[in-house]
Structures are given as C-alpha cells and as structure tokens.
Amino acid sequence: MQFSAALMSGLIQGGIDAAIAVGLTVTFGIMDIVNFAHGAFVVLGGFIAFACTSAGIPLWASVLVALVAIGLVGALLERGLFRFTLRNPFNGLVISLALLALMQESISLLFGTSSEPVRPFTFAAVRILGTAFGIEQLVVGGVGFAAVGGYWAWIRYSRFGLVTRAVAQDREMAGLLGIAYGKVFTLNFAIGAALAGLAGSLVATIQPVSAFSASGPTFTAFTVIIIGTLGSIPGVIVAGALLGVVQDLGVTFLSADFASLYPFVLVLLVLVIKPAGLFGARSLRVRAG
Amino acid sequence: MTRQTSSMRRRIVRLSAMAAALGMLGVLSACGSSAGVSSSGYTLIPVGADFSLTGDFSQYDLPGYQGMEIAISQINQTGFVVDGKKYKFKVYAADNQSDIATGVTQARSLVNDDKVVALFGPVVSPIAVPVAAVTQSSRVLEFTPSIAVGADLHTSPSKYPYMIVTEPPTGGPNGVATVESRVVGKQVHARTVAVLQPADATGEADQPAIVEGFEEAGAKIVYNQTFPDSTTDFSPYIQKVAALHPDVLVVGFTDAEMIPMITEARQLGAAKYYVGLGSENPALKSGSTALTNYFWFLPVVGQEDTQPAMTKFVATFKKFTGQSPTTDFGYAVNMYPWPFALVKAMQQAKSVTNVHAIESRLRNVTLSFAGKPVSKIAVGSDGQAYPPYEWCDLLSGVNSPRCTQESATSGSS
C-alpha cells in the first residue's frame with residue numbers, strides 16, 4: 001500500500017513538474033533561450049489566481065485569467081526582449097537573470113512578501129488502492145499532464161506544429177521558405193509561459209506562493225528538461241513523472257533525510273546512461289554532434 | 001583685462017571652488033563618523049538594521065524591522081538626553097535580501113564603515129548566526145530574536161558578550177516549545193506524537209524541544225522527521241504519518257509548509273490533534289471547515305492579545321506602515337521595546353559609546369516599558385531575554401481562539 005501511495009503521489013507531482021517545465025524546454029528547443037526567469041511565470045500565475053479568487057472570481061475563471069495573462073506577458077517579453085538575443089543566446093541568459101530579479105521585486109511590491117494560498121475548489125478526498133488522495137491534487141496533476149500532452153499533440157499533428165518543428169530545425173531555411181518565424185517564436189514562448197502560469201495558479205491551491213519562491217520551480221524545470229532532453233516535449237512528460245515518483249519512493253522507502261539528493265542522483269544516472277537525456281533523438285531539433 | 005588675465009582668474013576661481021568643495025566634503029565625512037552629526041542641536045548616534053526586507057525570510061524580518069523603525073521614530077520625535085547632551089538615532093538600514101553572504105557583508109559594512117554602536121536584526125537564524133559573529137568580534141551591541149543564536153548563547157555564553165536575544169528560548173526545561181509541548185501533551189492525553197519540522201536552523205532548534213516536551217507529558221514519539229526547505233510535495237511524509245495515526249501531529253514553521261501538510265493530513269485523517277508553530281492559518285485554510293482540534297504557540301505575543309496597549313500598538317503599526325498586521329506581526333512587537341531599552345541603558349551608563357557599560361545595564365535586569373504592548377521583560381545575565389509569549393487553541397470554536405499569555409522564566413521548573 002505504501003508503494004502505491006508513493007507511486008500515485010509521485011505521479012501527481014510529476015504532472016505539476018511537467019507543466020512547469022514544458023515552456024522552458026520549448027523556448028530552448030526553438031530559440032536556444034535558457035530562461036532563468038521561467039520560475040517567475042509560475043509564481044506570477046499563482047499570485048494572479050490569488051488576486052482573482054480574493055476578488056470573488058471563481059477558481060476556474062481565475063486559473064483561466066492567469067493562463068491568458070501570463071501568456072500575454074510571455075509574448076511581450078519575447079517580442080520586446082528575447083527576440084533581440086537570437087544571434088547571441090548568452091545575452092538571453094543574462095537578460096533572463098535580470099528579468100527574474102525584476103519580476104520577483106515587482107511581485108513583492110504588488111502582492112507583498114508573505115505566502116498566499118489560493119482556496120482550492122474542493123478539500124474532498126477519494127480512496128485509490130486503499131489510500132486517500134485529495135481530489136484537488138489529482139485534478140492539478142491530471143491537468144498538468146493533460147496540458148503538456150495537448151501541447152505536444154498540437155506540435156506533433158497540427159500545421160502550426162509542423163511550422164514550429166521546421167523553425168526549430170533551421171530557422172534561416174524556414175524564413176527563406178516564407179515562414180514568419182518571428183510569430184512562431186512569439187506564440188510558442190507565450191504558450192510555454194502560459195502553461196507555467198497555469199501550473200503556478202493550480203499549484204497555489206495546494207501550496208501557498210510567495211514572491212521569492214521562483215527558484216524552486218526554476219530548479220525543478222531544469223531538472224526535468226535535463227532528464228527528458230532539452231527541447232523534447234514527450235521527454236518533459238516522462239521526466240516529470242519519473243522525477244516525482246523517484247523522489248516520493250526515495251522518501252518513503254530509503255530515507256527522508258536525503259530528500260533533496262534524489263533529483264541530483266536521478267540526473268546523474270540519466271546523464272551517465274544517456275548523456276543526451278531520455279529522449280535524445282526525439283527533441284524538437286536534433287543537434288549536430 | 002587681457003585674455004591671459006581672464007583665463008588665470010577663471011583658473012583661480014575654479015581651483016578655489018574645488019578646494020572649498022573638498023573642504024566641505026572633509027567636514028561632512030568627519031561628521032558622518034561615529035562621533036555623530038549635529039542636527040538642530042542633537043547629536044546623531046548611528047545604529048544599524050540588518051534585516052531581510054525582501055526575499056523568503058522577509059515574512060519574519062520585515063515586521064521585526066518595522067517594529068524597530070516605529071520605536072526609533074517615536075524616540076526621535078523628542079530625542080533623548082544622556083549625561084546632559086541631546087541625542088537622536090540615525091538608522092543605517094540594510095536589506096540582506098534573505099541571503100546569508102549579503103547579510104554578513106552588510107553587517108561588516110555597518111560596523112566598519114557606518115560605525116554603528118548597535119545593530120538590530122536579523123530575525124531568522126540562518127543569517128543571524130553568522131551576523132552575530134561579526135558584531136561580537138567587533139564589540140557592537142546586537143539585538144536579535146534568533147532562536148539559534150539563543151541556543152548557542154546558552155551553551156557558549158562567552159561567545160556573546162554584546163548580545164541580547166530578544167525571543168525567549170525555545171528549548172531547555174523552560175523553553176517555549178518544551179513547556180507548551182508538555183502542556184498540550186498533558187491536555188489531550190497524548191500517547192503518540194509525530195513531529196515534522198524543516199531542516200533548517202529553526203527546525204533544528206525546535207525539534208528536540210518539542211520531542212522533550214511531549215516525552216515529559218508521557219507521550220511516545222512515533223515519527224520524528226525533518227524535510228528540506230525546498231520541499232513542495234509533502235505527500236510521502238504525510239502518508240507515513242497517516243500509517244502511524246498518532247494522537248498529535250506537530251508541524252512547522254511557515255504557512256507555506258504547514259498549510260499543505262495539514263490539508264493533506266486532514267484528508268487522510270492522519271491525527272486526532274494538530275499543533276502548528278507560528279500561526280492559526282493552517283487550521284483556517286486547510287479544509288472546507290476550519291479545524292478546531294488545533295493548537296499553536298508563538299515565541300512572541302501578537303495581535304491575538306487584546307489588551308489596550310496592544311490594540312494601540314496595532315493601530316500605530318497600521319498607521320506607520322500602511323499595512324495590516326500579518327501572522328508574523330509578533331516580531332514587530334518583539335523588536336519594538338529594544339530601542340527604548342537601549343536609550344535607557346545609555347542614560348544609566350552615561351555614555352552612548354561605552355559598549356561594555358551599556359551592555360551591562362541591559363543584563364540581569366527586569367526592564368519596564370509602561371504603556372507599551374509588552375510592559376516588562378526580564379533579561380538574564382547572559383543576555384537572554386524572557387519576554388512573554390503565547391499559546392492558543394481553537395478547541396472552543398474557530399471564532400473564539402483561546403490565547404494564554406505566558407511569561408518565560410530563566411529558573412528551572
């Protein structure tokens with residue numbers, strides 16, 4: 001029973017981790033941007049949901065507002081900042097660090113520095129395999145996987161997805177073929193940010209958010225995309241689930257004292273066995289070498 | 001006038017202006033040293049504030065800073081007299097951004113560059129411990145509520161000759177956590193207890209005290225675990241607790257940790273009673289109906305206290321900061337008395353710079369603060385203060401929290 005409980009709770013956490021990480025992997029896969037401000041999208045999403053629910057807006061609508069708002073913020077940031085770093089991705093990295101500080105300070109000025117929880121839509125629980133799980137947590141984990149899965153299906157099967165993959169392969173060539181790759185960048189960056197905002201607004205119903213908690217989701221996102229291969233959306237889904245399950249099994253069956261070590265051990269093992277990550281050959285762009 | 005003469009004059013004027021400016025700068029910088037800057041007949045005494053005004057720790061440090069700020073603004077309204085001379089405080093405030101290295105660097109700068117005679121803060125232990133090393137080696141008075149500094153003070157008092165720990169001790173026979181764990185354990189006839197604390201300086205100080213208190217009440221500790229600060233998924237911990245189904249689950253320390261833990265514990269029916277260190281929020285925000293089988297204790301007194309002096313201070317706090325008190329408002333109450341205590345000690349020592357003389361007036365005394373939210377604070381000979389603290393429960397219903405204000409003592413129980 002302990003095994004199934006740890007497995008289930010790990011999978012729930014995996015859905016959240018995948019939703020947090022997908023934007024980071026896509027912006028890296030398409031634009032080569034290593035965005036350290038990604039965790040701030042998660043935090044901002046949480047605070048938007050908090051502000052909306054505090055104003056009496058229903059939770060589902062608040063989550064939707066967070067999704068759209070963070071998507072717009074992402075689009076503006078891509079168009080206004082990151083677009084100018086395409087030729088030198090290192091500049092993008094530096095800008096993202098400055099952006100992280102700016103967003104954190106802005107959030108603390110707007111919402112204060114205390115932790116704020118968003119009231120979940122239910123506190124009820126269901127029993128699965130003999131163990132009780134909060135319905136809210138199951139929904140949050142499920143929505144996380146569904147959102148990332150939906151994004152992957154869109155990239156895999158739609159015309160826009162085809163264009164995105166073409167731009168990821170060779171943006172110059174795609175441009176010569178008449179593809180407006182700027183729009184592809186903006187839209188994908190916006191969707192990645194929006195999904196982080198979605199994750200943030202949902203996570204805030206389980207755990208209170210604070211203005212300076214961006215480092216946690218940023219670390220999680222980097223761990224997930226390293227395990228699942230930089231630029232791979234299916235990799236994010238599998239790595240998210242794996243990370244959540246390994247961590248919960250480790251705490252349950254090995255020792256809780258080493259809880260913060262398990263992600264590093266997992267990253268190390270994956271890098272030793274498959275240096276390009278679990279989905280090395282299936283990323284948005286197969287890199288030379 | 002020839003062009004040459006005119007050019008020469010301009011050069012002389014320019015050089016004179018530069019010399020005057022340099023002279024002014026020299027005078028100003030001399031005035032800026034610890035000797036004090038005259039301001040309308042008052043000499044300014046430099047004091048430092050090293051708090052986490054931003055970042056994760058600001059939840060605790062910001063109210064502490066605000067409490068100190070209110071006290072100093074009230075003192076500076078009229079100033080004070082020491083040995084016939086009029087003084088006001090000049091605060092050099094530094095935001096350590098919840099970063100240990102920044103906190104230490106700023107403490108060094110406050111001590112060496114700004115020549116502060118006393119330092120207030122930080123509140124949180126991970127930064128307060130290394131900052132204390134800076135102040136104590138530099139012979140600067142420090143006032144901090146840090147429980148980790150307090151714990152070290154008890155084992156190595158000689159390391160802290162210029163320290164006042166403003167929060168009562170958490171551990172030891174009369175520590176807040178020990179005493180209140182014992183009280184709760186006896187009250188609910190606890191036989192089994194689970195303890196979940198963060199793996200940081202605060203958790204490390206609280207955890208053994210909680211265990212000691214419940215064991216003294218006759219309970220058995222069935223699960224005693226720390227979790228990393230970065231934990232967001234508490235499920236495996238709570239699942240383990242649920243499997244043991246203890247009478248009491250004790251969690252700490254921040255709302256960000258306690259709310260998700262108690263929410264999940266309630267869903268699993270993990271324990272009969274819950275104890276949270278710090279606030280009632282986990283009881284109110286962890287279910288569709290608020291939890292009534294809940295206790296919490298604070299090492300400080302906060303707005304739960306409804307005495308007139310506290311009500312007045314809450315109103316002052318709101319007016320001064322433009323903010324409503326948060327759950328950690330108690331740290332404002334905790335830091336508020338100490339600038340007043342510093343003034344009194346300087347007056348008794350007849351000096352604003354003789355650190356040893358001032359410090360000796362702050363130790364082994366009972367300080368009185370008439371009309372203030374905390375009217376009396378005893379300070380031990382080691383610099384450990386014993387201000388009142390409170391423990392509360394919701395057993396009578398969520399709308400009628402029962403809070404008991406306790407006075408910590410240095411004697412053995």
> Which one of A:Gly216, A:Gly10, A:Ala256 has the most heavy-atom pairs closer than 4.5 Å to chain B?
Replying inline: A:Ala256

> Can you name the nearest heavy-atom pair linking B:Ser125 to B:Ala148, along with the distance?
Replying inline: OG-N, 3.2 Å

> What part of A:Gln137 is in contact with chain B, defined as an atom under 4.5 angstrom from a non-hydrogen atom: side chain, backbone, both or neither?
Replying inline: side chain

>> Can you tell me which residue among A:Leu266, A:Leu269, A:Leu271 is in a side-chain contact (heavy atoms from CB on, under 4.5 Å) with A:Ile227?
In response: A:Leu266

> Going by residue number, which parts of residues 263-270 of chain B are within reach of chain A, meaning a heavy-atom gap below 4.5 Å?
Replying inline: B:Thr263, B:Glu264, B:Gln267, B:Leu268

> Relative to chain B, which segment of A:Ala211 carries a heavy atom at a distance below 4.5 Å: side chain, backbone, both, or neither?
Replying inline: neither

> Ring centroid separation for B:Phe313 and B:Tyr336, is it under 6.0 angstrom?
Replying inline: yes

> For the side chain of B:Asp50 and the backbone of B:Gln106, is there at least one donor-acceptor N/O pair under 3.5 Å apart?
Replying inline: no

>> A:Leu202 and side-chain contact (heavy atoms from CB on, under 4.5 Å): which single residue from A:Val63, A:Leu59, A:Leu67, A:Val118 fits?
In response: A:Val63

> What side chain to side chain donor-acceptor pair (under 3.5 Å) pairs are there with at least one residue in residues 203-213 of chain A, not counting sequence neighbours?
Replying inline: A:Glu136-A:Thr205

>> Under a 3.5 Å distance rule, please check whether B:Asp61 uses its side chain to pair with a backbone N or O of B:Phe51 as donor and acceptor.
In response: no

> Centroid-to-centroid, A:Phe264 to A:Phe258, below 6.0 Å?
Replying inline: no

>> With a 4.5 angstrom heavy-atom cut-off, is it the side chain or the backbone of B:Ala199 that approaches chain A, or both, or neither?
In response: neither

